[in-house]
Amino acid sequence: MSARTSERGIRIAIDRGGTFTDCIGNPGTGKMEDDVIIKLLSEDPGNYEDAPLEGIRRLMSKFLKTEIPRGDPLDTSKIESIRMGTTVATNALLERKGEKIVMVVTKGFKDCLAIGNQSRPQIFDLAIKKPDVLYESVIEIDERVTLEDYAEDPERHITKVEPRNPVSGQEDSHLVTGLSSEAIRILKRPDKNVIWEQLQTVFDQGIRSVAVCLMHGYTFYDHEALVGEIAKEIGFNHVSLSHELMPMIKLVPRATSSCADAYLTPAIKKYIAGFQKGFEGGLGAASVENKSGAKGARCEFMQSDGGLVDVDRFSGLKAILSGPAGGVVGYALTSYDPETKTPIIGFDMGGTSTDVSRYGSGRYEHVFETTTAGVTIQSPQLDINTVAAGGGSRLFFRNGLFVVGPESAGAHPGPACYRKGGPATVTDANLFLGRLLPDFFPKIFGKNEDEGLDVQASEKVLNELTEQIHKETGKSMSADEVAYGFLTVANETMTRPIRSLTEAKGHDTSKHRLATFGGAGGQHAVAIAERLGIQQILVHRYSSVLSAYGMALADVVDERQEPDSKVWVDNEEVREYLENKIGELKEKTRNSLREQGFEDSSIAYEEYLNMRYRGTESALMVVRPGKEEQKASGGGEWTFGKAFIKQHEQEFGFTLPDRDVIVDDVRVRGIGKSFAGLGKTVDQQLKAITVKDVKPGDKEYKRSSAYSDGGRHDTPIYKLEDLEVGDRIKGPAILADGTQTIVVTPSATALIIHTHVVINIGDKDLNDAGSKLDTTKEVDPIMLSIFAHRFMAIAEQMGRALQKTSVSTNVKERLDYSCALFDSTGGLVANAPHLPVHLGSMSTCVKRQAEIWRGNLVKGDVIVSNHPEYGGTHLPDITVITPAFNEGGDKILFYVASRAHHADIGGILPGSMPPHSRELYQEGAAIKSEKLVSAGRFNEERITELLLHEPAKYKGSSGTRCLADNISDLKAQISSNMKGINLISTLIQEYGEDVVNFYMVNIQHNAELSVRNLLKSVSKRFEGQDLSAVDYMDDGSPIKLKITIDSEKGEAVFDFDGTGPEVYGNTNAPQAITYSAIIYCLRCLISEDIPLNQGCLKPIKVLIPPKSFLSPSDKAAVVGGNVLTSQRVTDVILKAFQACAASQGDCNNLTFGFGGNIEGEKAIKGFGYYETIAGGSGAGKDWDGTDGVHVHMTNTRITDSEVFERRYPVILREFSLRAGSGGAGKHRGGDGVIRDIEFRIPVQVSILSERRVYHPYGLAGGEDAQCGLNIWVRNVEKSNSERSDRMLRGEDGGKADEPVFEERRINLGGKNTAAMKPGERIIICTPGGGGWGKVGEEREVKAKSQDPRYAWTGGSHAAREDTALQA
């Protein structure tokens, strides 16, 4: 079995988890039947110090047939290899118990990790919680380099610089070649003496670990290397240099990764040193070569990328997913067949979390940026996604809905049945329903840790939930129905992200197998598979210890990567250049694996190019095509270009044939093969097996009454060890051993093969409850909970379809869009929570269009609108609405709509966000109500007329500057709507039209009830008084609000009487924006997850004075209303509720660029850039405000500093916190930021901002925050009176002196535009947040509750969901 056989023999694989440590040992035969499995507690200080060492001692005692005393060094001469996965790094990160470190960064960026990407993790949290940084202190190095060229250059100019000569170098030049072959301009070289002094100071403070990340260090690493050398000379124990760890562009993830490595690696090394003391001959490849003394044993650790590495090379950065990675390797190698190529979804459901991953094409799927415990890591990691809590997920009945998780009972107190007084959990529901068997659980519970699971305790907590449901709804349900209802909702909760994970990459979920492992997976696998349309489930015999088994099977891996910037062309020059680069990386990898004991014949390579289309940031890691792919594409082995296009088409649904393809990185993965083979695959076993049906009564351990499919069934229970290969058991049945329980439902069968239990699922209705539900007379809370998930899933899948098929950066990468589902009247049913400003406003638009077109729409019609008078927010946000008809085509059942921000729709300035617009036409195309599609035909001529020609008819205005992108994105919106209609049609087929409509209405009633309850509690708190507030825009326009609450009915009137008149400017806000602000504020105040729909506004009556700037005329400019006034309306509402002090109340909209196509003038090719900038958040009764974060109505990310300079002709001089800008108080407000941008070419720069005059207010005696300030650093010609006099007297001989320039700082005000020259800068100082309470009062800091999802693993699905919440 092993490619490297050895006489010594014993092989050990260990997974040290949070609760248990799993150990698998083999005496050297390689046969599965000779394996010994040991499971022990990870922490048991009364019996042993280190669980893995104890596991090895027990295994060796067993294999050597002699008891080895605890504490004796273990004889490594008998061990061939030890392989381990460990949670040491993860735990240190979660508990923040790593090494004290200093971060070294370029001057101007000391707060880069405190600001991060500027978004807040949870959009509805007023007390914003951002993860803590890992460093103790920061050193700013006075050095600077930048890229000479920029990607958005319409002329595509490339500066030629001679490659660096290793002998002479380019040390004296200001222009050098980077690792990525790009031209680098050195603006400032560092001073070695100053760096020494700075590092010596922190060394003297006791810090011994350093993380270094300098701007553009991924391509120009000289300055980082210098800092590293000085740190080592001073005596720092550990130095992490970002260019060595991961030379990839993006300052923030690379700096976080460097900090994580410096923070965790010393902890790992400390643990390993202690572990090694337990062995006689040492561990690791070097110890095996010992010439004297006892010979050591190979010891390798599992890395996050699914590859092993020698113990001496294991680092903190690559250790974070060490354990889960073993599970992926385990199911991938045991469940995937390279002949049939059926892809696998891995479903790992444990006690505290459920992890999902995918394996297909015979290769692991990696991601290069993930977030765990609030730390974003840039390093190759397996694409593992925590999608839910596990068996310990808590059960709640909230606001009329069944809710499962994300809170978990953990190990202490654990589920109620653990006999520690814990809450109701998924485990309790399974135990109570007879789907989990106490007989097979170890007796480790109770006071003396000698009792089994407590069924009565589970029954008690479920009876309490049953009583609560009856009391709140009046509905009589049995405890069985309640428990099964919770399991059904739990399964729905897990199914949504699993579907997302596969479909987001263009894969069909139903064409997969489900490989389930982990302690709780077997109880849910069949239900999950049925919902996903999966026909076959594989449960490995070692499923409960599959992570450890994966370690035993894994390969040793060495990864190398370098940045690049080459334009892909399939010619000899490019091929030779890239082949040489790949060759150099392969040589480094080969040498590394040779040092770890591998012969060349055992080394394989995977070669990758990280490729993207110019102008996008959606890079794809493309592997060198294999022989089959080469044959299919008709090319040779170097067909990377064709492979990229095919992968792009599959993942995103389109290609961009007119754009260059850029190679961002070159990557080589060297694999030291450990095993020659694993015997027969599942498919080979299935072909050869003889099936024997087990008759009722045969081989049964006992029978039990277990609940499934609507009732209790007399269910046979089988011990897995009593079943033979070929036995087939028909459901209902339960299969169990000491580590796992597998529930086989009545529609499924279980087949025993040598390595797995194979569960085949027969045809059945995908939702049992649907087939039972024959009435719409009363609301079933279980069905209501399921429909809440299903409706939201439809909105989310529409969003993914839109993101996937769109072309523009705004939609694809910034995710500036929203998708929603509406009932037949236009009432909002479900809106994925992407942008708060879209929450209530889309419904206004859909209702208006439904009225306009009533009776005049047919199947295949699609409506388009963006006009503020018709429910729009501002013109760049274009809404596409599709009606869905019944089968007869004579009745509209519901509507779906998508709203997307288009990069340009014409107007007086590029980007269609002019700071000084006075009339609507200056902001671009305004579409009131048009058919975009008529009976299935796309009206391209009409939409071209509306976007390109209509706006250009106005003086000084241009038509859209990117028509092709507009049309592509509109088609993507149509496609997204069709996805929604198809999904609801499936729902109607499943449940019937009446039932779906019934729950569309009732889900709105559910949200309405939540808001009524909130209003009643507010009225009680304020003793029935009216609430009122006023605040002012910078032009002095007041926004005045009085809220009158009817405490009996739970209704309120929001009266904006006294608000200022329409303004001759662009801060007018369409009425829809006020509705969005109200729905957002109510959701923040409820502080629980509730469905976001029309019901939220039913108890609310909104009175907006006509002709005010919150109800402007149809020709009024509104672009600032969406991004500025919306924030002030929010501040006023929250002030009335006394919820928190004012936040920055602004989006700080910055645009710059050049070019355009104004009618009558020559079109100029150019570019445009748009960003919004963070500020401070307001403090509250028991929390401080947060620094440098986006607040309330927006949550867009900021472009990473390095990407910013690569794409645009700018130098970012500073991006830091504006110390002291937050208001003082018992609880201080958050600080704003300073963003200092220097321009390298002439550009038009515009700023659209607020809170430059009126301060963000403090509350309850707290002080106001500082206002914002926009400064233009301008080079102005200096006046010279003496020279002027000489010129007048004619004494200068007709020759004027050379003009002299001086730097002037000019206040731009809140809204302005300026033509800036090269070398000129804009400095944007954003407002802080107001303080709460008087300075000096005793603080009431409530410990910020930990987000239950804090420890979850974030892979590609998490990144998408996270980004969606931060758009």
Side-chain angles (χ1 to χ4, degrees), residues 615-616 654 656 799 801-819 834-835 837-838 841-842 845 862-868 870-881 897-914 917 920-928 930 932-933 938-940 942-952 957-977 1066 1070 1118-1119 1121-1123 1149 1151 1153 1155-1157 1166-1172 1194 1196 1248 1367:
T616 73
F654 68 93
L656 299 169
L802 176 54
Q803 184 199 3
K804 192 172 165 226
T805 53
S806 65
V807 171
S808 70
T809 303
N810 264 344
V811 179
K812 187 164 227 57
E813 286 146 29
R814 289 184 68 244
L815 305 194
D816 196 344
Y817 64 80
S818 281
C819 296
H834 294 148
L835 283 178
V837 79
H838 290 170
S841 57
M842 266 213 283
C845 180
V862 180
I863 306 157
V864 63
S865 175
N866 72 338
H867 200 290
Y870 289 69
T873 45
H874 63 173
L875 297 184
D877 284 345
I878 300 181
T879 307
V880 172
I881 303 161
S898 52
R899 176 173 283 175
H901 184 108
H902 288 244
D904 196 297
I905 51 156
I908 56 176
L909 281 178
S912 307
M913 295 280 292
S917 50
L920 190 65
Y921 74 80
Q922 295 173 323
E923 297 173 357
I927 304 164
K928 290 185 175 178
E930 296 278 346
L932 182 61
V933 179
F938 184 70
N939 298 326
E940 190 158 343
R942 180 62 181 148
I943 198 67
T944 302
E945 175 70 24
L946 290 166
L947 291 173
L948 187 64
H949 304 304
E950 288 283 336
S957 282
S958 163
T960 176
R961 297 162 182 88
C962 49
L963 180 66
D965 281 8
N966 294 137
I967 288 174
S968 294
D969 281 354
L970 286 169
K971 286 180 176 174
Q973 286 178 259
I974 294 165
S975 166
S976 159
N977 287 2
N1066 61 22
V1118 296
V1119 74
N1122 188 58
V1123 291
N1149 304 269
T1151 53
N1157 62 335
F1167 69 84
Y1169 173 75
Y1170 169 56
E1171 70 178 22
T1172 59
T1194 189
T1196 47
L1248 180 59

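Heavy-atom basis, side chains included; hydrogens, waters and symmetry copies ignored.
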Chemist: What do the steps show when you test Thr1196 against Thr1172 for side chain to side chain donor-acceptor pair (under 3.5 Å), and what is the final call?
Modeler: CA-CA 7 Å; Thr1196 47; Thr1172 59; 2.5 Å; yes
Chemist: Closer than 3.5 angstrom, by distance alone: can the side chain of Gln922 be matched with the main-chain N or O of Gly907 as a donor-acceptor pair?
Modeler: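 Absent.
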Chemist: Less than 4.5 Å apart, any side-chain heavy atom of Thr879 and any of Val864?
Modeler: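 Side-chain contact under 4.5 Å: no.
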Chemist: Check whether any side-chain N or O of Ser957 sits under 3.5 Å from a backbone N or O of Ala952 as a donor-acceptor pair, and report yes or no.
Modeler: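 No.
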Chemist: Hey, what do you get for CD1 (Ile878) to SG (Cys845), rounding to the nearest 0.5 Å?
Modeler: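 Between Ile878 CD1 and Cys845 SG, I get 11.5 Å after rounding to 0.5 Å.
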Chemist: When you look at Glu1171 and Tyr1169, which way does the side chain to side chain donor-acceptor pair (under 3.5 Å) test go after all the steps?
Modeler: CA-CA 7 Å; Glu1171 70 178 22; Tyr1169 173 75; 2.4 Å; yes
Chemist: If you round to the nearest 0.5 Å, how far is OG of Ser898 from OH of Tyr817?
Modeler: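 Here the interatomic distance stands at 10.5 Å.
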Chemist: Without swapping roles, check the side chain of Ser912 against the backbone of Ile905 for a donor-acceptor pair under 3.5 Å.
Modeler: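 Side chain of Ser912 to backbone of Ile905: a pair is present.
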Chemist: Going by side-chain contact (heavy atoms from CB on, under 4.5 Å), Ser917 matches just one of Val1118, Leu875, Asn1066. Which one?
Modeler: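 The residue from Val1118, Leu875, Asn1066 that satisfies side-chain contact (heavy atoms from CB on, under 4.5 Å) with Ser917 turns out to be Asn1066.
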Chemist: Step by step, work out the side chain to side chain donor-acceptor pair (under 3.5 Å) result for Thr960 and Asn966.
Modeler: CA-CA 8 Å; Thr960 176; Asn966 294 137; 2.5 Å; yes
Chemist: Do side-chain atoms of Ser975 reach the backbone of Lys971 as a donor and acceptor pair under 3.5 angstrom?
Modeler: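 No: the side chain of Ser975 does not pair with the backbone of Lys971.
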Chemist: Rounded at 0.5 Å granularity, tell me how far CG in Asp904 sits from OG in Ser958.
Modeler: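 Between atom CG of Asp904 and atom OG of Ser958 there are 7.0 Å.
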Chemist: Drop me the distance from Cys819's SG to Arg899's CZ, to the nearest 0.5 angstrom.
Modeler: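 Answer for the SG-CZ pair, Cys819 versus Arg899, is 11.5 Å.
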Chemist: Checking Asn1149 side chain against Leu1248 main chain: does a donor-acceptor pair fall under 3.5 Å?
Modeler: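 Pair found, side chain donor or acceptor close to backbone of Leu1248.
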Chemist: Could you give the distance from CE (Met913) to NE2 (His901), rounded to the nearest 0.5 Å?
Modeler: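 One gets 6.0 Å once the value is rounded to the nearest 0.5 Å.
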Chemist: Heavy-atom distance under 4.5 Å between the side chains of Ile927 and His867, does that happen here?
Modeler: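 The answer is no, as the side chains (C-beta and beyond) never meet within the 4.5 Å cut-off.
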Chemist: Is it the case that the side chain of Ser976 and the backbone of Ala972 share a donor-acceptor pair, with hydrogens and angles ignored and the cut-off at 3.5 Å?
Modeler: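 Pair absent, no side-chain N/O of Ser976 close to backbone of Ala972.
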Chemist: Please report the C-alpha distance between Val933 and Asn939 in whole Å, then the side-chain angles of each, then the deciding distance to 0.1 Å, and finally whether the side-chain contact (heavy atoms from CB on, under 4.5 Å) criterion is met.
Modeler: CA-CA 6 Å; Val933 179; Asn939 298 326; 5.8 Å; no
Chemist: Is the side chain of Asn866 donor-acceptor paired with the backbone N or O of His874 at a distance under 3.5 Å, no angle test?
Modeler: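 No; judged by distance alone, with no hydrogens or angles, the pair does not exist.
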Chemist: Keeping the roles fixed (side chain from Thr873, backbone from Asn1122), state whether a donor-acceptor pair exists under 3.5 Å.
Modeler: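 No: the side chain of Thr873 does not pair with the backbone of Asn1122.
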